[in-house]
Engineer: 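Quick one: this structure, given as structure tokens, is what I'll be asking you about.
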Amino acid sequence: MTKGSIPAVEDYRRLREEADAIAARLTEVHGSQIVCRAGCTDCCQNLSVWPVEFYAVLEDLRAAGCSHLVFDESASCGFLKDGLCQIYPFRPLICRTHGLPIAFEIETAEIAVSFCPKNFQDWEQKGLTFGPDNTLPIDRLNERLSQIHLCFLEESGDKFLTANSRIPLKKLVELL
Ligand code: SF4
């Protein structure tokens, strides 16, 4: 069985689609408050991801015939080339949330919201409030991803992987 045919990898791809759907809805809901554009790389940084995400991205790149990627060691994320992400269609889940209003639980069990400072520059003057309808529930997505990660460990039977395993995304360039 290749890692790409492991059921958890398909679950990961479904979660990725859900994240994209949420991102698209929030982008529509917030309209001009979100100024994220191609060429802005402020949120980009080198990442390590769980194996299920790594192997899904690897399989997707292979399926897309992407056999050669350049990793720029000097960039904030080595996959940036001329200010654009070389693996954009297959980028990890966290990259799909860049810039959006992210809702997360803090110690007091309250919900906090964070977003890129380039976005929502006049949200207070506009009287905008944030709630479940106009934020991205990152804790729920992370919890689902964590469950999928654990399923992947079991289904892959790979003895070298543990619950704490993270794989630097950079390793993709070696395996394509
Ligand atoms: S993978 Fe792409 S979107 Fe994600 S941090 Fe790197 S360059 Fe940015």
Side-chain angles (χ1 to χ4, degrees), residues 3-4 6 8-104 112-121 135-149 152 161 164-176:
K3 290 203 166 52
I6 290 171
V9 174
E10 279 316 306
D11 289 341
Y12 166 76
R13 290 196 175 101
R14 276 189 284 276
L15 183 61
R16 191 167 68 179
E17 283 171 13
E18 277 180 47
D20 280 351
I22 296 171
R25 188 179 64 75
L26 291 177
T27 302
E28 196 178 329
V29 164
H30 291 296
S32 61
Q33 289 283 347
I34 294 181
V35 298
C36 297
R37 294 287 178 271
C40 178
T41 62
D42 288 10
C43 294
C44 292
Q45 56 182 327
N46 284 317
L47 299 169
S48 290
V49 296
W50 272 328
V52 66
E53 185 153 47
F54 181 87
Y55 285 108
V57 175
L58 179 63
E59 293 280 337
D60 290 341
L61 286 167
R62 284 177 176 161
C66 191
S67 58
H68 182 68
L69 285 176
V70 176
F71 191 85
D72 179 358
E73 295 284 356
S74 67
S76 57
C77 173
F79 288 107
L80 286 169
K81 189 176 176 204
D82 301 326
L84 297 176
C85 175
Q86 294 176 84
I87 62 168
Y88 190 79
F90 314 114
R91 67 200 185 288
L93 207 59
I94 190 70
C95 306
R96 293 163 195 264
T97 71
H98 285 169
L100 296 171
I102 306 291
F104 58 98
V113 176
S114 75
F115 43 79
C116 171
K118 287 184 176 172
N119 293 333
F120 303 102
Q121 292 207 357
T135 55
L136 184 138
I138 197 71
D139 293 334
R140 183 164 62 76
L141 287 183
N142 281 338
E143 198 174 312
R144 293 265 309 283
L145 183 56
S146 170
Q147 287 163 356
I148 291 169
H149 160 63
F152 178 85
L161 298 177
N164 294 324
S165 293
R166 306 281 295 184
I167 305 179
L169 214 54
K170 171 184 178 174
K171 214 167 165 47
L172 286 171
V173 294
E174 295 168 26
L175 298 178
L176 278 172

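Counting starts at 1 for both ligands and their atoms, following the listed order. Along the sequence shown, residues carry numbers from 1.
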Engineer: What are the two closest heavy atoms between Thr41 and Ser76, and how far apart are they?
Structural biologist: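 Nearest pair, atom of Thr41 first, then Ser76: O-OG, 4.4 Å.
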Engineer: I'd like to know if the side chain of Asp20 and the backbone of Arg96 have a donor-acceptor N/O pair within less than 3.5 Å.
Structural biologist: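 Answer holds: no.
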Engineer: Where does the angle between the aromatic ring planes of Phe79 and Phe71 fall among parallel (under 30°), tilted (30 to 60°) and perpendicular (over 60°)?
Structural biologist: perpendicular
Engineer: Report yes if the side chains of Phe152 and Leu161 come closer than 4.5 Å at any heavy-atom pair, otherwise no.
Structural biologist: yes
Engineer: Which residues and atoms, counting only protein N, O or S, are under 2.8 Å from atom 6 (Fe) of ligand 1?
Structural biologist: Cys77 SG
Engineer: Check the orientation of Phe120 and Phe115. Use parallel for under 30°, tilted for 30 to 60°, and perpendicular for over 60°.
Structural biologist: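 Ring orientation of Phe120 relative to Phe115: tilted.
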Engineer: Identify the heavy atoms of Ala103 and Thr135 that sit nearest to each other, and give their distance.
Structural biologist: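 Shortest heavy-atom separation between Ala103 and Thr135 comes out as CB-OG1, 3.5 Å.
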